[in-house]
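Below, chains carry the letters A, B, ... as their sequence lines are ordered, and counting in each starts from 1. Every heavy atom of this structure was used, including side-chain atoms; hydrogens, water molecules and symmetry mates were not.
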2 protein chains.
Amino acid sequence: MAHAHNKASGARSAAINEGLANVLFDVWLVSRATTALIDTAVQASGLDADEFAIYSVLASTDGITPTELARWMAAPTTTVSSYVKRFERRGHVRRTSNPADGRSHVVTLTAAGRQAHAAAGELFSPVLDEATQLLGTDVDETHVRLQALHDIVATMSTRDSDSSQG
Amino acid sequence: MAHAHNKASGARSAAINEGLANVLFDVWLVSRATTALIDTAVQASGLDADEFAIYSVLASTDGITPTELARWMAAPTTTVSSYVKRFERRGHVRRTSNPADGRSHVVTLTAAGRQAHAAAGELFSPVLDEATQLLGTDVDETHVRLQALHDIVATMSTRDSDSSQG
DNA sequence: TGTATATAGTGCGATATCGCACTAGTGATG
DNA sequence: CATCACTAGTGCGATATCGCACTATATACA
């Protein structure tokens, strides 16, 4: 991602919203704004928003295969493959062989990787705090709605790609 | 985006969620899953999820400048610039001069562009319907939460980029 | 009205994303 | 234990994204 550009329309022009008022479009808009915000926030750490998210996943798993990661973040395996290669080049990630499957391997954050993640986390924290504070009592509700929506979308995706062949 | 890959983990592995339970991370996950889903859904129309979203914005505005569009979708102007160029190459978009500002111009969907958007819309519709149906009575609440979150994030972004120089 | 500063948009180059085709290893079936 | 369909992962090439530097126009202000 790494755009971290300037300005966003705080006051949404109502006229444009006509015909655009649906949850999936909402997700798109929110996500773009959020990514931009976090890109800017964590920029100094050398990570962008997507990378920070991925490092977070890695940090909370100790050990995940590229395919699992790809499913998790709904990305093509080739994309994950190049992410891992990049992170490895930075010395932030290590591959260890997967005892359970010889074709596969397990990806883990190195100490440097955890440190980079922590640094980005320091920058991310106040942003999350402010957003949380602005949401006020709605935080939990928002979280629940997002989780529910994710489950729905994930289920739909899974069904679509499973058994394409009848 | 245009990934439209395979499979997503329908059942979220609870263990991984530790430390990842925050609204902004939620947004990232939902958005990735949604984009993947819509990429696949509208693929046959020749548009990807992002393009469909942008065409939707264009369709509901008749006439927007690149900068306005960039603010709307929280993208760098260079990115919007290449989007517009691409759409123009496809014959889906037309530029007309902006009477209000000589540096600028107004971007509009052509008839072919509206048609492409409609075609993608046909493919998108059932997906939105199903998601809506699965959300049930929560749709409105979800929509409201997403809008609220968007306003918050947009406000934060705007403040950050306004008056960087004191 | 002349000069300074800010904004709209683009060309270009570096890097990222991801589809296709491929290799290597797995697991089921006879 | 041979065969065969299937899955994990990667190299490569086409295209997309976006920062930097630049041009053209607009606005502020003396």
It should be established whether A:R103 places a side-chain nitrogen or oxygen under 4.0 Å from OP1 or OP2 of nucleotide C:dT23. no
C:dC18 C1' sits how many Å from B:D39 CG, rounded? 11 Å
side-chain N/O B:Y83 vs D:dT17 OP1/OP2, d < 4.0 Å: yes
What does A:T78 touch in the nucleic acid at a heavy-atom separation under 4.0 angstrom: a base, only the sugar-phosphate, or nothing? base
List in numerical order all residues of residues 93-102 of chain A for which some heavy atom is under 4.0 Å away from an atom belonging to DNA chain C. A:D101, A:G102
pair B:M156-A:V127: side-chain heavy atoms closer than 4.5 Å: yes
Atom CZ of B:R86 to atom C1' of C:dG9: distance rounded to whole Å? 17 Å
By side chain to side chain contact (heavy atoms under 4.5 Å, CB included), A:T96 pairs with (sequence neighbours left out) A:R94, A:V106, A:T108
For A:E51 and D:dT17, what is the distance between atoms CD and C1' respectively, to the nearest whole Å? 14 Å
Is the shortest side-chain N/O distance from A:K85 to OP1 or OP2 of C:dA16 below 4.0 Å? no
Expressed in angstrom and rounded to an integer, what is the separation of A:E88 atom CD from D:dT10 atom P? 9 Å
Please report, rounded to the nearest Å, how far the C1' atom of D:dA8 is from the CH2 atom of A:W72. 20 Å
Nearest whole Å is fine: how far is C:dC18 C1' from B:D48 CG? 12 Å
Report the distance from atom CG of A:L47 to atom C1' of C:dT15, rounded to the nearest whole Å. 16 Å
Would you kindly give the CD1-to-P distance between B:I64 and C:dG9, to the nearest whole Å? 10 Å
Side-chain N or O of A:R71 versus OP1/OP2 of D:dA8: is the shortest distance under 4.0 Å? yes
With sequence neighbours excluded, residues passing salt bridge (Lys or Arg N to Asp or Glu O under 4.0 Å) with A:D62: none
Any B:S104 side-chain nitrogen or oxygen under 4.0 Å from OP1 or OP2 of C:dA8: no
Just by distance, do the side chain of A:R95 and the backbone of A:V107 share a donor-acceptor pair under 3.5 Å? no
Side-chain contact check for B:T67: nearest option of C:dA8, C:dT17, C:dG11 is C:dA8
Results of salt bridge (Lys or Arg N to Asp or Glu O under 4.0 Å) for A:R103 - residues two or more places apart only: A:D101
Less than 4.0 angstrom between a side-chain N/O of A:S81 and OP1 or OP2 of D:dG9, yes or no? no
Checking A:F52 now: which residues fulfil ring pair (Phe, Tyr, Trp, His ring centres under 6.0 Å) with it, not counting sequence neighbours? A:H117, A:F124
Less than 3.5 Å apart, which donor and acceptor atoms pair up between the side chains of residues 130-138 of chain A and the rest of the protein, not counting sequence neighbours?
residue, atom, partner, partner atom, Å
A:E130, OE1, B:R159, NH2, 3.0
A:E130, OE2, B:R159, NH2, 2.5
A:T132, OG1, A:L128, O, 2.6
A:D138, OD2, B:R145, NH1, 3.1

